[in-house]
Protein chains: 2
Amino acid sequence: MIFTTKAEYGVRLLVELGRQPSDSPVSLKAIAENEGLPLAYLERIVALLKRAELVESTRGAHGGYRLARDPENVTMDEVVLALEGSVAPMSCFVDETDDGRVLCSHVDDGEACATKFLWLRVQGGVIEALRRTTLAELVAFSAKQDVAKTPLPLGDALPLHSNA
Amino acid sequence: MIFTTKAEYGVRLLVELGRQPSDSPVSLKAIAENEGLPLAYLERIVALLKRAELVESTRGAHGGYRLARDPENVTMDEVVLALEGSVAPMSCFVDETDDGRVLCSHVDDGEACATKFLWLRVQGGVIEALRRTTLAELVAFSAKQDVAKTPLPLGDALPLHSNA
DNA sequence: GCTTCTCCTACCAAATTGGTAGGATTAAGC
DNA sequence: GCTTAATCCTACCAATTTGGTAGGAGAAGC
């Protein structure tokens, strides 16, 4: 498994926020019900997105979360990095420099193992796929799916799928 | 984490076999010592490679394992598939058709969720990176590393790194 | 018949994951 | 100023996965 439910739920959450017509805050409770996800768990996940400054929050009654940026400017590599901590193909990859790209701890003196060569290539593939996908694209995709299924009353978001 | 140590150790094992000048069988014990890996665990891993017909074995004294094919014709997507079972980006991806590519179980009636769209893209990136890497390439890489470090007596394989 | 191998299966400890519980704190609306 | 609806924060917990060990049983060379 590459990603955990943190990434799954976190991305769903962002897509829900992106689907919102205005940018008035949306409560987690509403999102949890919409997506059929456990509220308490979502709270911990959204905290990761907030720390990464991908969402903003308003506390108190009628509060909630909204996107901190335009969906066009949010790429999935940032998102997954915020949610999962890093994109490491292998346990020998230890957090090192910059944006989720991590280096192998096996050999430090310039030498490299053959497996590192392979995992770096894989990691590159993952990060590139993430980087070229924007939140806006996912929002558009999910909107299209809705239209294809049922003409919805405007602003009424139905759950994309219900596990419950 | 994308892959577990099964992939790591399994690939190392194959590289070791590929480094062998002749194709007389090599015992797991030798490989375990060379790479500093636990023998009993390696036994279980090599069983996966054998089931996938990537290695062949000879039992009994002076037995061991050898590659079943030319390293040029062994691509890493087969290898990782054999070792890890599948390359699923997310738990909702359930084993389905063909070569490790799996489909989302969330929605079955033609509809799709936005996250599935994303994970499919990521999965594609991983599989493509694996598919374009051959065992021969990794063997060549590891040989080059050796030369760069110390001129070795021929046929004497030093450990690439020692954890022990 | 010893030794050196592959092979097989059951067990096990540690870590991770996915989730719950319980409560502060903050702000809107009356 | 009370109530209510929210974000925030932290500790706990059960299930699963992971990485590995143990203990053998068969095969083949010497």
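In this text the structure is predicted, and so the values were computed from the model without any measurement. A note on names: the letters A, B, ... follow the listed sequences, proteins ahead of strands, and every chain is numbered from 1.
Here the side chain of Y65(A) is nearest to one of dT7(D), dT21(D), dA27(C), namely dT7(D). In the set dC8(D), dT7(D), dC8(C), the nucleotide with an atom closest to the side chain of L28(A) is dT7(D). Listed candidates were dT7(D), dT20(C), dA5(D). Nearest to the side chain of P38(A) is dT20(C). Listed nucleotides dG20(D), dG18(C), dA25(D) differ in distance to R44(B); the shortest reach to its side chain belongs to dG20(D). Considering only the side chain of T5(B), dG19(D) comes nearest among dG19(D), dA27(D), dG19(C). Which of dT20(C), dT26(C), dC5(C) sits closest to the side chain of R59(A) comes down to dT26(C).
The shortest distance between the side-chain N/O atoms of S57(B) and the OP1/OP2 oxygens of dC7(C) is below 4.0 Å. OP1 or OP2 of dA28(D) has not a single side-chain nitrogen or oxygen of T58(B) nearer than 4.0 Å. For dG18(C), the OP1/OP2 oxygens have a side-chain nitrogen or oxygen of T4(A) closer than 4.0 Å. When the side-chain nitrogen and oxygen atoms of K6(B) are compared with OP1 and OP2 of dG19(D), none of them lie within a distance under 4.0 Å. Side-chain N/O atoms of Y9(A) include one lying less than 4.0 angstrom from OP1 or OP2 on dG19(C).
Comparing H62(A) and A47(B) along DNA chain C, the residue whose closest nucleotide (by nearest heavy atom) sits nearer the 5' end is A47(B).
Atom CD of E72(B) is surrounded by more than 12 heavy atoms from other residues, nucleotides or ligands within 6.0 Å.
In this entry the distance linking CG of L39(B) with P of dG19(D) reads 18 Å, nearest Å. Following rounding to the nearest Å, Y41(A) (OH) and dA14(D) (C1') show an atom-to-atom distance of 14 Å.
Atom CG of L118(A) sits about 10.5 Å away from atom CZ of F141(B), to the nearest 0.5 Å.
Ring geometry for Y9(A) against Y41(A) counts as perpendicular: the plane angle is over 60°, on a 0 to 90° scale with 30° as the lower cut.
A salt bridge does not link R12(A) with E16(A): every distance from a Lys NZ or Arg NE/NH1/NH2 to an Asp or Glu carboxylate oxygen is 4.0 Å or more.
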